[in-house]
> 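Take a look at the following structure, please.
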Protein chains: 2
Amino acid sequence: MENNLRHLDSAFHALADPTRRAVIARLTAGAAPVKTLAEPFDMGLPSFLKHLRVLEDSGLILTEKSGRTRTCRLCASRLAETERWIANQRQLWEDHADRLANYIENQMSGEDTQ
Amino acid sequence: MENNLRHLDSAFHALADPTRRAVIARLTAGAAPVKTLAEPFDMGLPSFLKHLRVLEDSGLILTEKSGRTRTCRLCASRLAETERWIANQRQLWEDHADRLANYIENQMSGEDTQ
DNA sequence: TCGACAATTAGCTAAACGTCTATTTATGAG
DNA sequence: CTCATAAATAGACGTTTAGCTAATTGTCGA
C-alpha cells in the first residue's frame, strides 16, 4: 500500500474546484494542449496554469511538453485510487448497517419467544 | 438531477483533509457524539468543531443534538453521490480509450490490405 | 532572421483555511 | 441549587489559495 494520505489530500483538494473538475471531464475525451483546455474558462492563462499545476501535483493528470505546446492527459489510475477510498468507506458503512440490522432482527425474534 | 456543483465542491473539499477523512472512517463503524469523535485528535475542541461543521455543510455527515450531546452519523448517499462523479469520469475515459483502440485496430487492418 | 504564438515566471491582492485561547451557553446529576 | 460537563461562540493569527497584470522564455514558420 502506498503512502495514500498525501495522495488523497491533494487529489481531493484538486477535485474540490469546478474549473479543475471541468478539466478532468474534458480530458476524458482525450488529451489536449494547455491552450485548448484553457479556452472555455473566463480566466487568465497564468491563473489557469495554476489549476493545471494543482491537477498535475495531485497526479490526476500527466503532462508532457513537446516543442512549445504542453499536452495534458488524464491519469485514470490516480482517479481510481481516489474513487476506491470512498467506495471502501461506503462498504464499511454498509457492512456495519447489515450487522446492525441482523442484530436488531435477532433481538426482536428473541423477544417473541420470551 | 440536483445542483451537484456546490455539493461536489463542498464534498471534495471536506474530504481533502486527513482529520475529516478520519472522522468519516470512524463513522462507518456507527454514530458517535462529538466528544468521542474528537478524542483521537491532538487538537482543541473548537478546531475540531470547525471540521465537523465542514463535514456537515458538505452533507457527508448528519448531526442531531439531544440534551447536551450532539450525535453524528454518516450520510452514505452523499458519499455515494461523490463517488459516482469520479466513477462517471472514469467510465467516460474508458469508453474513449476503447473507441481509440478500435480505431487503431481498424486502421492497422486497413493498412494490411492496402 | 524575425515576428507570432504557447507557455511560464514573478509578484501583487483579497479571501478562505486551520489552528489557537478565552469565554459562554445549555443540560444533566448530586 | 449548584456544579461539572458537552458543546458552541468570538476573535486573533499565520498560511494557503485563486485570481490578477506585467514581463519573459522558448519554438515554429514565413
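Predicted model only: the values in this text are computed from it and were never measured. Numbered from 1 within each chain, the chains take letters A, B, ... in sequence-line order.
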> B:Trp93 pairs by side chain to side chain contact (heavy atoms under 4.5 Å, CB included) with which of A:Leu74, A:Leu79, A:Leu27?
A:Leu74
> Taking atom P of C:dT8 as reference, at what distance in whole Å does atom CG of A:Leu37 sit?
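The answer, rounded to whole Å, is 12 Å.
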> The side chain of A:Leu45 lies closest to which of these nucleotides: C:dC20, D:dA18, C:dT8?
C:dT8
> Nearest whole Å is fine: how far is D:dT25 P from A:Leu49 CG?
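For the pair A:Leu49 CG and D:dT25 P, the rounded distance is 17 Å.
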> In terms of hydrophobic clustering (I, L, V, M, F, W, Y; side-chain heavy atoms under 4.5 Å; direct or indirect links), are A:Leu37 and A:Phe41 co-clustered?
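A:Leu37 clusters together with A:Phe41.
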> Please pick, from D:dA18, C:dC20, C:dA10, the nucleotide with the shortest atom-to-atom distance to any side-chain atom of A:Pro46.
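Nearest to the side-chain atoms of A:Pro46, counting from C-beta on, is C:dA10.
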> Does a side-chain N or O of A:Arg68 approach OP1 or OP2 of D:dT25 to a distance below 4.0 Å, or not?
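Answer is no, no contact under 4.0 Å.
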> Is the shortest distance from a Lys or Arg side-chain nitrogen in B:Arg53 or B:Glu56 to a carboxylate oxygen in the other one below 4.0 Å?
no
> Roughly, in whole Å, what's the span from CG in B:Asp9 to C1' in C:dA16?
14 Å
> Between B:Lys65 (NZ) and D:dA8 (C1'), how many Å, whole number?
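Answer to the nearest Å: 7 Å.
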> Take atom CG of A:Asp17 and atom P of C:dA15, then tell me their distance rounded to the nearest Å.
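One finds 18 Å between P of C:dA15 and CG of A:Asp17, rounded.
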> Answer yes or no: does a side-chain N or O of B:His51 lie under 4.0 Å from OP1 or OP2 of C:dT19?
yes
> Of the options C:dG18, D:dA18, D:dC20, whose atoms approach the side-chain atoms of A:Ser47 most closely?
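Nearest to the side-chain atoms of A:Ser47, counting from C-beta on, is D:dC20.
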> One thing to verify: whether A:Glu81 and A:Arg84 come together as a salt bridge, which I'm taking to mean a side-chain N less than 4.0 angstrom from a carboxylate O.
no
> Any chance you could lay out the side-chain contact (heavy atoms from CB on, under 4.5 Å) test for A:Leu8 and B:Arg21, step after step, and finish with the verdict?
CA-CA 9 Å; A:Leu8 291 171; B:Arg21 284 198 308 278; 3.6 Å; yes
> Hey, does the side chain of B:Arg53 come within less than 4.0 Å of D:dT9's phosphate (OP1/OP2), counting only N and O?
yes
> Report which part of the nucleic acid B:Lys35 touches: base, sugar-phosphate, or nothing (heavy-atom distance under 4.0 Å, all strands).
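Sugar-phosphate: the residue B:Lys35, judged by heavy atoms under 4.0 Å, touches backbone atoms but no base.
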> Does B:Lys50 contact C:dT19 through a side-chain donor or acceptor facing the base, at a distance under 3.5 Å?
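Side chain to base: pair found, below 3.5 Å.
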> Need one value for A:Thr69: base, sugar-phosphate or nothing, where a base atom within 4.0 Å counts as base even if backbone is also close, heavy atoms only.
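Sugar-phosphate only.
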> What is the distance from CZ of B:Arg70 to P of C:dG28, rounded to the nearest Å?
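Spelled out: CZ on B:Arg70 to P on C:dG28 is 14 Å.
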> Let me know, please, whether B:Thr71 or A:Gly67 comes out on the 5' side of the other along DNA chain D by nearest nucleotide.
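Checking each residue's closest nucleotide, the 5'-ward one belongs to B:Thr71.
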> Output the rounded distance in Å from CD (A:Glu39) to P (C:dA6).
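These atoms are roughly 10 Å apart.
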> Whole angstrom is fine here: how far is it from CG in A:Asp42 over to P in D:dA18?
17 Å
